[in-house]
2 protein chains.
Amino acid sequence: MTCSINYAPRLRAQGLRVTPQRNAILHVLHHSGGHLSPTQVYERARQEFPSLTEPTVYRTLEDLAEKKLLLAAHVGNGKIVYELAETQHHHLICHKCGNTVEVDHAPLELLYHQFESSTGYKLDSSHVTFFGLCPDCQS
Amino acid sequence: MTCSINYAPRLRAQGLRVTPQRNAILHVLHHSGGHLSPTQVYERARQEFPSLTEPTVYRTLEDLAEKKLLLAAHVGNGKIVYELAETQHHHLICHKCGNTVEVDHAPLELLYHQFESSTGYKLDSSHVTFFGLCPDCQS
DNA sequence: TTCCTTATTGCAACTTCTTACAATAGTAGA
DNA sequence: TCTACTATTGTAAGAAGTTGCAATAAGGAA
Ligand SMILES: [Mn+2]
Ligand SMILES: [Mn+2]
Ligand SMILES: [Zn+2]
Ligand SMILES: [Zn+2]
């Protein structure tokens, strides 16, 4: 609850104002440790800041992701989850059981250079989602 | 409208019954040529089959994608679009302007083998979405 | 053809997500 | 401090997507 981490500098560095709504949302994501859906963020952040509303949660998550404070991950069927942007990694997701594995970005470097030089795009180095079947679900 | 293509064999091959709802949905996707959102599919397929309902559209799109007759693509912010499964390809999407580029699967083969042997997953060879900035949006 | 089984659909209610706009409150500057 | 500017938020309404269950109809067997 009372937590030593101060998000103000990171918000200001991105030209964003420091509001209690943003602090509550960042605080919740920090303490969850993992990926949370907007609904989960809303329910938990409301504990610390009861007047928080749903539109604010959705807008804040999008804004903070755009400013690279958060990472958004697609986990299938249009569901999105968010986490604090800390490590560079991607996801392998089983589309049968939903099981998820994290993989490093390094093995994608070569591919990224190919794509970037052939298309002119500059690609994000985090949170690509690969779908497939996990070992358990292949039988 | 009256279109020579018959989807019945492909449906039966997957153990699915042939219904006018499924035919209308497949027909719409065939004639659109590209990616359509569930809402777009619903609006168009309703022209040919007016009693069609939303839950049927959502369920059908998911079912047909699961049986590999369709491909689902994540296009950002939890939006999903579908298309007929014909070619193997992936997408590069600009998260500023939404512009999309298709890329071949071939350059991913090596990466896939690495991931598959290190994790045991068997990955889908189509419709991975890479996000980034297109050439126009980088300035 | 007719009957039977059950996959598929429609219905109704609900949850999640979005939007436009007015009210609020950070923050920079006087 | 106080003020002014405007980013951010809340409100209210609507759109999109989901769920459980009862009704329907596709397809196999007689
Ligand atoms: Mn992650
Ligand atoms: Mn595609
Ligand atoms: Zn699995
Ligand atoms: Zn762009």
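Letters A, B, ... mirror the listed sequences (proteins, then strands); counts begin at 1. Any value given below was found using the heavy atoms of this structure, including those in side chains, with hydrogens, waters and symmetry copies removed.
- Running 5' to 3' along DNA chain C, contacts with non-hydrogen atoms of chain A at under 4.0 Å begin and end at C:dT16 to C:dT27.
- Both A:Asp63 and A:Pro55 sit near DNA chain D, but only A:Asp63 has its closest nucleotide nearer the 5' end.
- Under a hydrophobic-cluster definition in which Ile, Leu, Val, Met, Phe, Trp and Tyr are linked whenever side-chain heavy atoms come within less than 4.5 Å, directly or via other members, B:Tyr7 and B:Val57 are assigned to the same cluster.
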Would you tabulate the side-chain donor-acceptor contacts of residues 111-125 of chain B under 3.5 Å, counting partners in other chains and residues two or more places apart, or write 'none'?
from: B:Tyr112; atom 1: OH; to: B:Asp124; atom 2: O; distance (Å): 2.8
from: B:His113; atom 1: ND1; to: B:Glu109; atom 2: O; distance (Å): 3.0
from: B:Glu116; atom 1: OE2; to: B:Leu123; atom 2: N; distance (Å): 2.9
from: B:Ser117; atom 1: OG; to: B:His113; atom 2: O; distance (Å): 3.1
from: B:Ser117; atom 1: OG; to: B:Gln114; atom 2: O; distance (Å): 3.2
from: B:Ser118; atom 1: OG; to: B:Gln114; atom 2: O; distance (Å): 3.1
from: B:Ser118; atom 1: OG; to: B:Phe115; atom 2: O; distance (Å): 3.3
from: B:Thr119; atom 1: OG1; to: B:Phe115; atom 2: O; distance (Å): 2.7
from: B:Thr119; atom 1: OG1; to: B:Tyr121; atom 2: N; distance (Å): 3.2
from: B:Tyr121; atom 1: OH; to: A:Asn99; atom 2: O; distance (Å): 2.9
from: B:Asp124; atom 1: OD2; to: A:His95; atom 2: ND1; distance (Å): 3.1
from: B:Ser125; atom 1: OG; to: B:Gln88; atom 2: NE2; distance (Å): 2.7

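- Proximity of the aromatic rings of A:His127 and A:His90 is defined here by a centroid distance below 6.0 angstrom, and this criterion is not met.
- Listed by residue number, there are no residues of residues 73-80 of chain B with a heavy-atom contact under 4.0 Å to DNA chain D.
- If you walk DNA chain D from 5' to 3' and mark each nucleotide with an atom closer than 4.0 Å to a heavy atom of chain A, the marks span D:dT6 to D:dT18.
- Between the side chain of A:Arg22 and the main chain of A:Arg17, a donor-acceptor pair closer than 3.5 Å is present.
- Hydrophobic clustering (ILVMFWY, side-chain heavy atoms < 4.5 Å, transitive): B:Phe130 and A:Leu71 are in distinct clusters.
- With hydrogens and angles disregarded, no donor-acceptor distance shorter than 3.5 Å links the side chain of B:Glu48 to the backbone of B:Ala45.
- Side-chain N/O atoms of B:His91 and B:His35 include a donor and acceptor closer than 3.5 Å.
- Summarising the geometry, atom CG belonging to B:Leu61 is positioned 9.5 Å from atom CD1 belonging to B:Ile80; distances are rounded to the nearest 0.5 Å.
- The shortest distance between side-chain heavy atoms of A:Ser37 and A:Gln40 falls below 4.5 Å.
- A side-chain donor-acceptor contact under 3.5 Å links B:His31 to the backbone of B:His27.
- Side-chain atoms of B:Ser139 never come within 3.5 Å of backbone atoms of B:Cys137 as a donor-acceptor pair (strictly under, hydrogens ignored).
- Within the model, atoms NZ of A:Lys96 and CD of B:Glu66 stand 8.5 Å from one another, a figure rounded to the nearest 0.5 Å.
- With axes fitted over five pairs at each extremity, the angle between the ends of the helix from C:dT1-D:dA30 to C:dA30-D:dT1 is 30° (10° resolution).
- Contacts between residues 16-25 of chain A and DNA chain D, counted as heavy-atom distances below 4.0 Å, involve A:Leu16, A:Arg17, A:Thr19, A:Gln21, A:Arg22.
- Of the possible donor and acceptor atoms, one in the side chain of B:Thr60 sits under 3.5 Å from a partner among the backbone N and O of B:Thr56.
- Geometrically, A:Arg46 engages A:Tyr42 in a cation-pi contact, judged by NZ or CZ lying under 6.0 Å from the ring centre and within 45° of the ring axis.
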Evaluate the ring pair (Phe, Tyr, Trp, His ring centres under 6.0 Å) criterion for residues B:His74 and A:Phe131: first the C-alpha distance (whole Å), next the side-chain angles of each, then the deciding distance (0.1 Å), finally the verdict. CA-CA 11 Å; B:His74 298 266; A:Phe131 291 97; 5.5 Å; yes
